[in-house]
Amino acid sequence: MANDFDVIVVGAGMAGSAAAIRLAQGGANVLLLERGAAPGVKNLSGGILWGHDLDRILPGWWHEMPVERHIVRKRFGFLTSDSAVSFDFDDATWRKEPYVAHSVLRAKTDAWLAQKAEEAGATVVSSVPVDRLNWEGPRVHGVVQGGETMTAPVTILADGANSRLALGTPIRPQPRLEAGATELGIKEVFRLDAARIEERFQLGPGEGHAEEWVAGQFAPGVMGGGFLYTNADTISVGLILNIQSLYGRGVYSQELIEQFRLHPTIAARLKDAELVEYGAKLISSGWASRPAAFHGDGWMVAGDAAGFVFSNGLVIQGMNYAIRTGLEAAETALTSEKAGDASATHLAQYDQRLESSGVLSDFRDFEKMDRVKWNPRFYTAYPRFATELFHALMTETGDRKRPIRRVLRKARKAAGLSTATLLKDGVGMVRDL
Ligand SMILES: Cc1cc2nc3c(=O)[nH]c(=O)nc-3n(C[C@H](O)[C@H](O)[C@H](O)COP(=O)(O)OP(=O)(O)OC[C@H]3O[C@@H](n4cnc5c(N)ncnc54)[C@H](O)[C@@H]3O)c2cc1C
């Protein structure tokens with residue numbers, strides 16, 4: 001029986017649209033289905049896009065894509081209830097083309113990417129929430145929506161972190177929302193004139209500033225990090241929270257983002273800015289949230305749906321992996337079409353591509369990272385230690401000066417850190433990172 005399409009891609013996020021563009025460029029008859037009213041309306045990222053993988057399909061993409069600003073500086077630091085210690089990284093190469101990273105707003109970028117897929121020849125249809133995969137025994141043969149079956153020898157699942165289509169199937173027999181591998185992302189967007197953003201953050205036109213904070217100001221036990229990214233005429237502010245650490249503490253995510261926003265360091269950056277958008281989304285990151293397999297008879301899974309989000313407390317990167325894995329799935333589907341073979345044996349090339357492109361090693365190598373990232377001391381004792389230390393080193397009180405080793409000891413004691421704990425955490429970091 002003839003198929004309706006060569007390939008069906010579910011989800012017009014970064015993974016799905018990148019895959020659809022490559023497939024259409026390769027001559028495949030591809031259908032890209034999106035449940036949202038338009039691509040991007042349901043998608044949320046912080047978001048810093050490390051988009052170099054896009055060069056493979058759209059050379060010089062940043063000239064045309066509606067990006068916000070190219071990032072020239074990153075700040076990383078610790079917050080306590082009223083203080084902050086931070087480090088800036090200003091890299092001269094980031095100021096030059098090809099820029100390494102851009103701030104983006106997904107409603108704009110994803111709509112643009114889906115349009116590029118359409119221009120390349122893909123059929124893109126929005127407002128279509130796919131109900132389920134069309135299983136024929138062990139094989140996936142397209143998708144089912146509203147009682148209608150659309151067939152293709154290969155289906156690429158790029159339906160994001162909450163991939164319902166995979167749940168309870170051989171792709172993901174068990175729910176993956178184990179608390180350890182699941183984070184809650186919350187984001188607010190504030191409007192502020194471009195000129196004021198540039199003045200406030202000491203940026204040239206088009207330049208962007210990104211900052212990420214270990215949020216040490218919350219109730220003990222609550223673990224999370226905050227971010228602030230400058231867009232063209234808005235500022236994105238948000239939190240990534242360890243869900244498990246919120247259980248039973250009587251704290252709510254909206255209170256936490258308010259606390260973050262009202263911290264004196266963050267509030268100063270948002271002065272006179274007006275809240276225009278709010279969103280929240282689950283993040284399933286790392287090796288622990290991978291599916292039972294990345295491919296099978298007639299299917300492959302890419303992007304967040306496969307758990308390809310890298311988050312180490314300093315950075316959160318998912319869009320780049322979504323693009324790369326979407327492209328590797330597309331390349332595999334193109335060879336499958338040529339060979340007339342969509343069996344699991346042929347699609348195993350996808351795993352080989354994930355391996356050779358470094359995706360699998362990135363996630364395997366950092367499997368134990370969560371033990372470091374979710375060490376409660378990084379959200380209480382270490383921010384306190386850093387601010388006590390720098391307070392003592394930077395403040396002239398007229399009192400007798402003390403040798404630095406004594407200042408260090410005093411800060412360590414104030415933060416409740418024993419030498420043994422410092423050593424233990426240091427060894428753990430070396431072992432697990
Ligand atoms: C708060 C927050 C901050 C983040 N910050 C960053 C950052 O700064 N940098 C970075 O690189 N990453 C960041 N990430 C991660 C990044 O957003 C994701 O890794 C990325 O969006 C994954 O892209 P995707 O295409 O796999 O999935 P998604 O972007 O989630 O796209 C999935 C698409 O599938 C559609 N879909 C779902 N189900 C169906 C269905 N049944 N039928 C049809 N369509 C369907 C959805 O509507 C959606 O359009 C952040 C995430 C969060 C939550």
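All ligand and atom numbering here is 1-based and tracks the order in the structure. Residues: numbered from 1 along the sequence shown.
- Remark: the N3 side chain and the H141 side chain contain an N/O donor-acceptor pair separated by less than 3.5 Å.
- Scanning the protein for heavy atoms near atom 30 (O) of ligand 1, the closest one is K281 NZ, 2.9 Å.
- Here K187 has no heavy atoms under 4.0 Å from ligand 1, in either its backbone or its side chain.
- Using a 4.5 Å heavy-atom cutoff, the side chains of P170 and W135 are in contact.
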Practice prompt. I would like to know whether F190 and R261 meet side chain to side chain contact (heavy atoms under 4.5 Å, CB included); could you show each step before the answer?
Written response: CA-CA 11 Å; F190 292 85; R261 190 188 340 113; 3.3 Å; yes
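- Taking the six-membered ring where the residue is Trp, F78 and F76 present perpendicular rings, their angle passing 60° and hence far from 30°.
- Screening V125, V9, T155 for a side chain to side chain contact (heavy atoms under 4.5 Å, CB included) with L33, the sole residue that qualifies is V125.
- Nearest protein heavy-atom neighbour of atom 16 (C) of ligand 1: S45 OG, 3.4 Å.
- Side chains of D362 and Y321: a donor-acceptor N/O pair is present below 3.5 angstrom, by distance only.
- Set against the non-hydrogen atoms of R106, the atoms of ligand 1 under 4.0 Å away are 17 (O), 20 (C), 21 (O), 29 (O).
- Between W94 and W50, the ring centre distance stays below 6.0 Å.
- For ligand 1, the atoms closer than 4.0 angstrom to any heavy atom of A158 are 32 (C), 33 (C), 34 (O).
- The closest approach between a heavy atom of E183 and any atom of ligand 1 is not below 4.0 Å.
- Residue contact check: G318 has heavy atoms under 4.0 Å from atoms 10 (C), 11 (O), 12 (N), 19 (O) of ligand 1.
- Side-chain contact between D110 and M14 is present, with at least one heavy-atom pair separated by less than 4.5 Å.
- You'll find the side chain of V7 stays beyond 4.5 Å of the side chain of E337, heavy atoms only.
- For ligand 1, the atoms sitting less than 4.0 Å from at least one non-hydrogen atom of M14 are 25 (O), numbered in the order shown with element in parentheses.
- The side chain of I283, and not its backbone, has at least one atom closer than 4.0 Å to an atom of ligand 1 (non-hydrogen atoms only; side chain from C-beta on).
- Distances below 4.0 Å separate heavy atoms of G303 from the following atoms of ligand 1: 26 (O).
- Which parts of ligand 1 touch A15 is read off a 4.0 Å heavy-atom cut-off, strictly below it: atoms 25 (O), 26 (O).
- For a threshold of 3.5 Å applied to N or O pairs, the pair formed by G40 and ligand 1 contains no separation below that value.
- For atom 47 (O) of ligand 1, the closest heavy atom belonging to the protein is E34 OE2, 2.6 Å.
- Atom 31 (O) of ligand 1 has its closest protein heavy atom at G13 CA, 3.5 Å.
- Side-chain contact, S163 with D159: a donor N or O sits under 3.5 Å from an acceptor N or O.
- Atom CZ of R249 has more than 12 neighbouring heavy atoms from other residues, nucleotides or ligands inside a 6.0 Å radius.
- Any N or O atom pair closer than 3.5 Å counts here, and A302 shares no such pair with ligand 1.
- In terms of protein heavy-atom proximity, atom 19 (O) of ligand 1 is nearest to D304 OD1, 2.6 Å.
- Below 3.5 Å of separation, one finds an N or O of R35 facing an N or O of ligand 1.
- Although no hydrogens or angles enter the test, the distance criterion places a donor-acceptor pair under 3.5 Å between the side chain of R200 and the main chain of R269.
- Heavy atoms of V10 found under 4.0 angstrom from ligand 1 belong exclusively to the side chain.
- Distance from atom 23 (O) of ligand 1 to its nearest protein heavy atom, with residue and atom name: A322 CB, 3.5 Å.
- Nearest non-hydrogen protein atom to atom 51 (C) of ligand 1 is L44 O, 3.7 Å.
- Salt bridge status for D90 with R95: present, with a side-chain N to carboxylate O gap under 4.0 Å.
- Side-chain atoms of S236 and N231 form a donor-acceptor pair, as typed in the model, at a separation below 3.5 Å.
- For a threshold of 3.5 Å applied to N or O pairs, the pair formed by A305 and ligand 1 contains no separation below that value.
- Residue I316 places at least one N or O, backbone or side chain, under 3.5 Å from an N or O of ligand 1.
- Interface of P129 with ligand 1, defined as ligand atoms under 4.0 Å from a residue heavy atom, comprises 42 (N).
- Distances from ligand 1 to the non-hydrogen atoms of Q317 include at least one value under 4.0 Å.
- Numbered from 1 in the order shown, with element, the atoms of ligand 1 that lie under 4.0 Å from a heavy atom of G47 read 7 (C), 8 (O).
- With hydrogens left out, the protein atom closest to atom 8 (O) of ligand 1 is I48 N, 2.8 Å, a heavy atom.
- Within the 4.5 Å cutoff, the side chain of V309 has no heavy atoms near those of the E183 side chain.
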